[in-house]
*Asks:* 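One structure is given below, represented as C-alpha cells, and several questions about it will come after.
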Amino acid sequence: MDLTLIIVLVIALALFFDFTNGFHDTANAMATPIATGAMRPKVAVALAAILNLVGAFLSTEVAKTISGGIINEGPGGVLISPELIFAGLVGAIVWNMVTWLYGLPSSSSHALFGGLIGAAIVGAGIGSVNFFVVLEKVVLPAVIAPFTAGVVAYAATKLAYRITRRYDGRPDGRGGFRYGQIFSSSLVALAHGTNDAQKTMGVITLLLISANLLPAGSGPPFWVVVSCALAIAIGTYSGGWRIIRTLGRGLTEVKPAQGFAAETSTAATILASSHLGFALSTTQVASGSVIGSGLGRRGSSVRWGTAGRIAIGWVLTLPSAAIVGAVAALIASLGPVGIAVDTIVGIAVVTFIFWRSRRNQVSSANAVAPVQGQSDVAASGRVVKIKKVKPLKRDRDRRESA
C-alpha cells in the first residue's frame, strides 16, 4: 500500500481513538458533580470539552514517553511500521467500545498501550518493546496511582466532614461544596487534557518517526497537538453517559463534600503524573478517588461488586487490547488486502456496538438520577457522629422560668 495513504489512514484512526477516549473518559471529571447536582449534565460535558481542549496544549511529556520510550529503536530506526501502528489502534478502539457498551470505566490509555505492544511483538518481535519503560511509566503508575488517589480522597473526605461539623443535622448543611465542585471537576477536566490527549499525539508522532518524516526523539508538531486537542474535546462533549452512570451512582452515593474531595484528589494525582511523564490512566485514578471518598464518609457504602467488575476490566484491558492488536497485525501483514480487511472488520464492530447500545440507551436524561431538592445534602448530617451538647446555663434558666 502507498505510504502516504497508510499514513493518512493511521492518522484518521488515531484521531478517532482520541474521540473515543474523550467520550469514554468524560465521567472522570463530571460524574460526581452531575450526581450531586452541582452542574447540569449538558453544561458539565460542555465545560469538560473546553478544558480538555485547553489542557492538551499545556504539556507534551506524556506524548514523548509514547513516541520515544515504549517502542525501541534499531539500526534502521524505530522498530515498528505504520501498518503495525494501524493494527495497534484497531485493538485499542475495539476494547474501548466494548467497555463503553457495558459502562465499565476501563483505561483508554492501557487499551492503547496494549494494542501497540501486541502489534509490535507480532510484527517486529518481542525485542521491539521496551518493557522497562512499560513497567516504569505504565504498569507501576497503574498500581500506585489509584491507591494513592483513594487514600488522599479518604483523608480529604474525613477532613471535609470534620471541619464542617457545625452543620451536622441542618438542612443543606454542606451544599456549599457544590460550588467547590465546579472548580474541582474543572481541574480534573483540565488535567485529563494534559494527560490523555497527549497519548494520541505520541502515537501520531511515532507514526511520523517510523515513516522517516520526523527524526527520532522528536516531540509532536503543532498541527498534531491542535488536531488531537480538537478530537478529544469533541469526544468529551458527546457525553459517555454509560460510564458517567457507573461512576456517579454505581460505586457509592456521592454527596457534595466527598465529591469535592474525590475530584481534588484526582486532579492532583493526574497533574503530578503528567509533569513526570507518566502515561497514567485518569479512569483508574478517578475510580480510586470515588471509592476512597465513599469509605471516608461515615454511613456510606461502597458497592464492592461494581468495584470488582471495574477492577477486572482494569486487569483485562492491556492484555485484551494486545491480543486484538496482535490479530489485527497478523491480518495487516497480508499487505493492502489485510489493511482493508482490518478496516472493514473494525468499522463493522464499532457500528454493531453503537447499534447494540441503542437497545438500552443512556443519555443525559437518565444517566444519573436527579437530585430531589436538598435531601441528599440534609442527610449528610446523619452520617456523621453528632455529639450531644449540654445546654448553656442561661438557656436552662429560661426554660425553668417558663
Side-chain angles (χ1 to χ4, degrees), residues 25-52 54-55 148-194 236 244 247-249 251-272 282 285-300 302 367-384:
D25 291 2
T26 307
N28 298 340
M30 295 303 170
T32 48
I34 291 172
T36 63
M39 282 190 279
R40 294 177 182 174
K42 290 188 176 180
V43 172
V45 297
L47 179 60
I50 293 170
L51 291 170
N52 267 254
V54 173
T148 302
V151 170
V152 174
Y154 172 85
T157 303
K158 286 283 189 184
L159 179 62
Y161 277 96
R162 186 169 185 80
I163 64 179
T164 57
R165 282 184 301 175
R166 63 185 181 279
Y167 293 119
D168 289 349
R170 299 183 190 178
D172 199 23
R174 293 176 175 86
F177 277 104
R178 278 200 176 99
Y179 300 104
Q181 279 192 277
I182 297 174
F183 169 76
S184 58
S185 60
S186 297
L187 192 59
V188 174
L190 186 70
H192 181 261
T194 65
T236 300
I244 286 176
L247 280 182
R249 291 290 190 208
L251 282 172
T252 184
E253 292 294 321
V254 182
K255 308 295 182 183
Q258 70 184 99
F260 176 78
E263 293 147 17
T264 305
S265 305
T266 299
T269 304
I270 296 169
L271 287 172
T282 55
V285 174
S287 301
S289 294
V290 171
I291 292 172
S293 70
L295 294 173
R297 180 172 66 85
R298 291 187 61 190
S300 69
V302 174
V368 177
V371 178
Q372 301 296 330
Q374 304 296 337
S375 60
D376 66 321
V377 183
S380 66
R382 296 198 294 269
V383 300
V384 179

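Numbering of residues begins at 1 and proceeds along the displayed sequence. Keep in mind that the numbers below use all heavy atoms, side chains included, and drop hydrogens, waters and symmetry copies.
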*Asks:* Might you work through the side chain to side chain contact (heavy atoms under 4.5 Å, CB included) test for Ile244 and Ile34, ending with a clear yes or no?
*Replies:* CA-CA 8 Å; Ile244 286 176; Ile34 291 172; 4.2 Å; yes
*Asks:* Could you report the tightest heavy-atom contact between Ala153 and Ser289, atom names first, then the distance?
*Replies:* CB-O, 3.3 Å
*Asks:* What closest approach, in Å, do Asn52 and Ala189 show between heavy atoms, and which atom pair accounts for it?
*Replies:* ND2-O, 3.3 Å
*Asks:* Just do the side chain to side chain contact (heavy atoms under 4.5 Å, CB included) check on Glu263 and Leu187 with the steps written out, would you?
*Replies:* CA-CA 8 Å; Glu263 293 147 17; Leu187 192 59; over 6 Å; no
*Asks:* Thr157 and Ala261: which non-hydrogen atoms are nearest, and at how many Å?
*Replies:* OG1-CB, 3.4 Å
*Asks:* Write down the atom of Ser184, the atom of Phe260, and the distance for their closest heavy-atom approach.
*Replies:* OG-CD1, 3.6 Å
*Asks:* Val45 and Thr236: which non-hydrogen atoms are nearest, and at how many Å?
*Replies:* CB-O, 3.9 Å
*Asks:* Go through Thr32 and Ser185 one step at a time and tell me if the side chain to side chain contact (heavy atoms under 4.5 Å, CB included) criterion holds.
*Replies:* CA-CA 8 Å; Thr32 48; Ser185 60; 5.7 Å; no
*Asks:* Rounded to the nearest 0.5 Å, what's the gap from CZ on Arg40 to CG on Leu47? Could you check?
*Replies:* 14.5 Å
*Asks:* Give a yes or no answer on whether the side chain of Ser293 reaches the backbone of Val290 with a donor-acceptor pair at less than 3.5 Å.
*Replies:* yes
*Asks:* Would you give the length of the straight line joining atom CE of Met30 to atom CD of Gln181, rounded to the nearest 0.5 angstrom?
*Replies:* 10.0 Å
*Asks:* Tell me the closest heavy-atom pair linking Ile291 and Val302, and the distance in Å.
*Replies:* O-CG2, 3.9 Å
